[in-house]
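Take a look at the structure set out below.
Order of appearance sets the numbers: ligands from 1, and atoms from 1 within every ligand. Throughout, numbering of the chain's residues begins at 1 and tracks the sequence.
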Amino acid sequence: MNNSTILVTGGAGYIGSHTCIELLNANYTVLVIDNLDNSSEESLKRVEKITGKAVSFIKGDVRDKALMDRIFSENTIAATIHFAGLKAVGESCAMPLEYYDNNVNSTLVLCQAMEKANSKNLVFSSSATVYGDPEILPLTEDMPLSATNPYGRSKLIIEEMLRDLPESDKLKNSTNPWSVALLRYFNPVGAHESGTIGEDPSDIPNNLMPFITQTAVGRRKELSIFGSDYDTVDGTGVRDYIHVVDLARGHLKAVQKLLSKDSINGVQAYNLGTGNGISVLQMVKAFAEVNRVDVPYKLVDRRPGDVAACYADATRAKEELDWEAVMSLEDMVKDSWNWQSQNPEGY
Ligand code: NAD
Ligand code: WQD
């Protein structure tokens, strides 16, 4: 039994809400801060229904320094998972300053509050985007990092910023040094098996899976498949899709590691992926066959900035966090559809 409190920033969002379930099921007390810019409080009500446990919710912005100080002074936070941020690549090119403010500045304010409260266990939502256009696959954590857009650059800057913290601990001979897990997600898809929570983009989806589900449910006429002349199995882009419940369990494992005797000494990065590359056409076919539903599509030009293929080597997460993805492609397409068909308009 444990009832340590975990602060979850952005906990009302897609990955955050699924992670709250895993934390509650493992008997952690969960405190969420979210400004609801890209989510609805309804997701947390459904998390409470699924788990039969309460979530404490603060509607607020992580960039609000006074609020963050108050949260850390009023609660004993064992660890923080920092999901809050903006995540649309195209939008980040049009409004880079908003992205640096929301992503970098929120992390800065959060870490200042954590340091002040001497609460220095952090799990950070990074992304496979920090590998840029990969030359060698599968990707291991020590491969070269680069950014191809402001969103990716914001994640890289944050990773670099977090790496400076343990160095400062050494200079200060800190007795409670920072322990930070950088979780680099590949392509999250799927939803909780209940079908009551899932991904609910507020605009036209940028990502493949919500576009497929919204097409299947009749909200979009057809899927455009971006590029059919890549050097891949069938010419379409290849990605490492990971079920969001597997991903959520990765966060639970990271928190458990941070709170264990064998904690992370400083900063460590972990790839969270399955290691399997799936093409767009393979995904569309699996979705249509498993769910017996039509997904009209057309082949169009490549999307600027896309890479041909990207998939993980997740060995380090297995060895150090005792985590690996266990859910199948069938689970991914079945659960994505279960959520969308039960909630055609989202929350
Ligand atoms: P999401 O938009 O569903 O969740 C993010 C949540 O943070 C939202 O509920 C939003 O309202 C909240 N938020 C944003 N800015 C905030 C702020 N300043 N203060 C308080 N709350 C704020 O996105 P998600 O897919 O759950 O992603 C979570 C994290 O994982 C993000 O940091 C994202 O960059 C990262 N990530 C996502 C993916 C993906 O494909 N979904 C892949 C790699 C990394
Ligand atoms: C997957 C594949 C597309 C939509 C992005 C971010 C990355 C990370 C995850 C946050 C590609 C193809 C897509 C469509 C299509 N996010 N596609 N038609 O681009 O791998 O990664 O989300 O960190 O940073 O860049 O994901 O889902 O957009 O695309 O053919 O309508 O599906 O070309 O091959 P991506 P995606």
Can you find a side-chain donor-acceptor pair between [X] and [Y] that sits under 3.5 Å?
{"X": "Tyr99", "Y": "Glu91", "answer": "yes"}
{"X": "Asn38", "Y": "Lys87", "answer": "no"}
{"X": "Ser279", "Y": "Asp234", "answer": "yes"}
{"X": "His192", "Y": "Ser194", "answer": "yes"}
{"X": "Asn3", "Y": "Thr29", "answer": "no"}
{"X": "Tyr347", "Y": "Arg46", "answer": "no"}
{"X": "Asn271", "Y": "Tyr311", "answer": "no"}

Heavy-atom nearest neighbour in the protein, as seen from [atom], with distance rounded to 0.1 Å:
{"atom": "atom 2 (O) of ligand 1", "result": "Asn38 ND2, 2.7 Å"}
{"atom": "atom 38 (C) of ligand 1", "result": "Pro188 CG, 4.0 Å"}
{"atom": "atom 26 (O) of ligand 2", "result": "Asn187 ND2, 3.1 Å"}
{"atom": "atom 5 (C) of ligand 2", "result": "Asn207 ND2, 3.7 Å"}
{"atom": "atom 19 (N) of ligand 1", "result": "Val62 N, 3.0 Å"}
{"atom": "atom 29 (O) of ligand 2", "result": "Arg303 NH2, 3.4 Å"}
{"atom": "atom 3 (O) of ligand 1", "result": "Tyr14 N, 2.9 Å"}
{"atom": "atom 17 (N) of ligand 2", "result": "Phe226 CD1, 3.7 Å"}
{"atom": "atom 16 (C) of ligand 1", "result": "Asn35 ND2, 3.3 Å"}
{"atom": "atom 25 (O) of ligand 2", "result": "Val89 CG2, 3.4 Å"}
{"atom": "atom 27 (O) of ligand 1", "result": "Ile15 CD1, 3.8 Å"}
{"atom": "atom 10 (C) of ligand 1", "result": "Asp34 OD1, 3.4 Å"}
{"atom": "atom 24 (P) of ligand 1", "result": "Lys87 NZ, 3.7 Å"}

Can you list the ligand 2 atoms lying under 4.0 Å from a non-hydrogen atom of [X]?
{"X": "Ser224", "result": "14 (C), 15 (C), 18 (N), 30 (O), 31 (O)"}
{"X": "Ile225", "result": "30 (O)"}
{"X": "Tyr241", "result": "1 (C), 2 (C), 32 (O)"}
{"X": "Arg239", "result": "1 (C), 11 (C), 20 (O), 34 (O), 35 (P)"}
{"X": "Ser127", "result": "10 (C), 23 (O), 24 (O)"}

Distance-only, no hydrogens or angles: does the Asn35 side chain make a donor-acceptor pair with backbone N or O of Gly60 under 3.5 Å?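 Flag not set: sc Asn35 to bb Gly60 has no pair under 3.5 Å.
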
Look only at the side chain of Asn149 and the backbone of Gly152, and say whether a donor-acceptor pair between them is shorter than 3.5 Å.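 Yes: the side chain of Asn149 pairs with the backbone of Gly152.
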
Geometric N/O contact Lys87 with ligand 2, under 3.5 angstrom: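 No.
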
Kindly confirm or rule out an N or O of Leu208 lying under 3.5 angstrom from an N or O of ligand 2.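 N/O-N/O distance under 3.5 Å: yes.
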
Approximate separation, where rounding is to 0.5 Å, of [X] [atom1] and [Y] [atom2]:
{"X": "Tyr270", "Y": "Ser126", "atom1": "OH", "atom2": "OG", "value": "14.0 Å"}
{"X": "Lys298", "Y": "Ser224", "atom1": "NZ", "atom2": "OG", "value": "4.5 Å"}
{"X": "Arg239", "Y": "Gln282", "atom1": "CZ", "atom2": "CD", "value": "13.0 Å"}
{"X": "Asp335", "Y": "Ser328", "atom1": "CG", "atom2": "OG", "value": "8.5 Å"}

Quick test of your reading of the structure: of Tyr151, Tyr185, Phe83, whose heavy atom lies closest to atom 32 (O) of ligand 1?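 Result: the heavy atom closest to atom 32 (O) of ligand 1 is in Phe83.
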
Determine whether any heavy atom of [X] lies closer than 4.0 Å to an atom of ligand 1.
{"X": "Asn102", "result": "yes"}
{"X": "His82", "result": "no"}
{"X": "Ser43", "result": "no"}

Could you list which atoms of ligand 1 come closer than 4.0 Å to a heavy atom of [X]?
{"X": "Arg63", "answer": "18 (N)"}
{"X": "Ser125", "answer": "29 (C), 30 (O), 32 (O), 35 (C)"}
{"X": "Asp37", "answer": "11 (O)"}
{"X": "Ser126", "answer": "43 (C), 44 (C)"}
{"X": "Leu36", "answer": "11 (O)"}

Axial cation check for Tyr230 ring with Arg302, 6.0 Å and 45° limits: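 Judged by the rule, Arg302 and Tyr230 form a cation-pi pair.
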
Please determine whether any non-hydrogen atom of Tyr151 lies less than 4.0 Å from an atom of ligand 2.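 A heavy atom of Tyr151 does come that close to ligand 2.
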
Does Tyr230 have a heavy atom less than 4.0 Å from any atom of ligand 2?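 False for this residue.
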
Residues two or more places apart in sequence or in another chain: which of them pass ring-ring contact (aromatic ring centres under 6.0 Å, His included) with His243?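 Not a single residue meets the ring-ring contact (aromatic ring centres under 6.0 Å, His included) criterion with His243.
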
Heavy-atom pair with the smallest gap, counting every atom of Ile197 and Ser17: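 For Ile197 versus Ser17, the nearest heavy atoms are CD1-OG, 3.9 Å.
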
Scan Phe124, Tyr185, Trp323 and name whichever one has a ring-ring contact (aromatic ring centres under 6.0 Å, His included) with His251.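 The ring-ring contact (aromatic ring centres under 6.0 Å, His included) with His251 is passed solely by Tyr185 among Phe124, Tyr185, Trp323.
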
For Asn206, which part has a heavy atom under 4.0 Å from ligand 2: side chain, backbone, both, or neither?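 Contact part for Asn206 vs ligand 2: backbone (N, CA, C, O).
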
Are the charged groups of Lys334 and Glu330 less than 4.0 angstrom apart, N to O?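 Salt bridge between Lys334 and Glu330, a charged N being under 4.0 Å from a carboxylate O: no.
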
